[in-house]
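Just the heavy atoms: all of them, side chains too, but no hydrogens, waters or symmetry mates, feed the values below. Computed from a predicted model, the values in this text were never measured in an experiment.
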Amino acid sequence: MLTVFEVLGGLALFMFGMAQMTRGLQGSVESQLRRLITQATSNRVQGLALGTGLGFLVHSSAATVMYVGFANAGLVGLVQAVPPIMGANLGTTLSMQMVSLKLTDYCMVAVAIGFLLYAVSSNQRFSHIGLAIFGFGLLFLGMETMSSAIGEHRAALAPHLARIDGTTVSGMLIGVALSALITGIIQSSGATIGMCFALIESGVFTSLPQVYPIVLGAHIGTCMTGLLGSIGTNIVARRVAGTHLMFNLLNVTMAIVAAPFFLWLMPKLSGDLLRQTANLHTAVMLTACILFLPFVNQLSRLTEFFWRTSDPLPESSHLDQALLKRPETALSAVIHELQRVSRTCHDSLKLNRELFLQPNPRVEKKIRLNEQVINAIKRSVREFLMAMTERYLSR
């Protein structure tokens, strides 16, 4: 029983550390984030690069929820959101590359330095960086705790996990389904891959075919966060979450078909199973991004086919970076954007009246979602106006 709690405690430390690292990194760049997103989504390659950076900082599930929120606010469209979502998945694999480095001996150093920097620094950015370092240390501490607890029972666990085998059809499907289920429940592909790393370090997993289905299943399970976050949002936002699922289903299908190639290639790159697993995670997602990036429009249409609606599409943002060259037109766009947000405020006022007469959880959620839309538009208008004042303004 104590071993079970050690494993669960180690997993909790790992997930908490990942959450704090994400929170710290996101906080240190948040002021520039929204402007970068609106600028980069006009170009596929830039969108992929931005999504990769964002995925590295906040992981794919959190990044997808962020894009769902932007789409619900009308700040990005479906086609614009696809490349950053692909990049977010790729960026997550790069962050797990960092986790795969054997830095466990230095985890307490990171915890101590990170906490001191977070607690003592009066500069908000340094405080966020300290929080990220603190979370990074906890992440390794959690993985070490899991690995130590599992290591004593590896002989008992190995037969139960022997059915997971990437070289057979049944073993592949069992592993993918189990991993997707676990990832969907804990809503973190990073935590699933982290548990996989712990099982490797404890000696339970001893070959790449055993971990292959686990990595692929994590790609599918991580979509649950975005799908849950899209409940109650407009059709564009739901399609953004759906695109995340469609892309990951496609890359998992591709990886299953190409399993012999990846199983041959990874041992050539490294002899260490931990590094092979991290390299596999990155290689599958990088290959998928290269293969599917030219077909963004087709992927968007496929999502629209499965997420159909007869209702008119919601009004999109009027804030276009190209308008900044003409300040009069840019100001007109801001006025139209304020009119758009005023309609959302009016909708919330009507919903509030309904809520006073009769409590309704669905109405309450709609009001909260509208509040998120209003906040997102407010920040975008402020950043748009700040960018405009940095340019030449005519009399």
Q | Residue pair Leu117, Phe134: steps toward the side-chain contact (heavy atoms from CB on, under 4.5 Å) verdict | A | CA-CA 9 Å; Leu117 196 58; Phe134 174 70; over 6 Å; no
**Q.** Member of Ile377, Val334, Leu324 meeting the side-chain contact (heavy atoms from CB on, under 4.5 Å) criterion with Leu319
**A.** Val334
Q) Are Arg368 and Glu371 close enough for a salt bridge, meaning some N to O gap below 4.0 Å? A) no
**Q.** Thr243 versus Thr303, side-chain donor and acceptor atoms under 3.5 Å
**A.** yes
Q | Ring-face cation contact, Phe306 with Arg308, 6.0 Å cut, 45° max | A | no
Q) With distance as the sole test, does Thr93 use its side chain to make a donor-acceptor pair with the main-chain N or O of Leu90 at under 3.5 Å? A) yes
Q. So, Asn72 side chain and Val68 main chain: donor-acceptor pair closer than 3.5 Å or not?
A. no
Q: Determine yes or no for a side-chain-to-main-chain donor-acceptor pair under 3.5 angstrom, with Ser230 supplying the side chain and Leu227 the backbone.
A: yes
**Q.** Joint hydrophobic cluster, Trp264 plus Val215, side-chain heavy atoms closer than 4.5 Å
**A.** yes
Q. Judged by atom type as modelled, is there a donor-acceptor pair below 3.5 Å linking the side chain of Tyr212 to the main-chain atoms of Ala255?
A. yes
Q.
I'd like to know if the side chain of Thr183 and the backbone of Ala180 have a donor-acceptor N/O pair within less than 3.5 Å.
A. no
Q) Is the backbone N or O of Ala218 less than 3.5 Å from a side-chain atom of Thr222, with the two atoms forming a donor-acceptor pair by type? A) no
**Q.** Check: Phe247 main-chain N/O paired with Asn251 side-chain donor or acceptor under 3.5 Å
**A.** yes
Q) Would you find a donor on one side and an acceptor on the other, under 3.5 Å apart, between the side chain of Thr92 and the backbone of Ala88? A) yes
Q.
Under a 3.5 Å distance rule, please check whether His244 uses its side chain to pair with a backbone N or O of Val240 as donor and acceptor.
A. no
Q. Any luck finding a side-chain donor-acceptor pair between Ser270 and Asp272 under 3.5 Å?
A. no
Q.
For Val296, run the side-chain contact (heavy atoms from CB on, under 4.5 Å) check against Arg301, Arg44, Gln80 and tell me which one passes.
A. Arg44
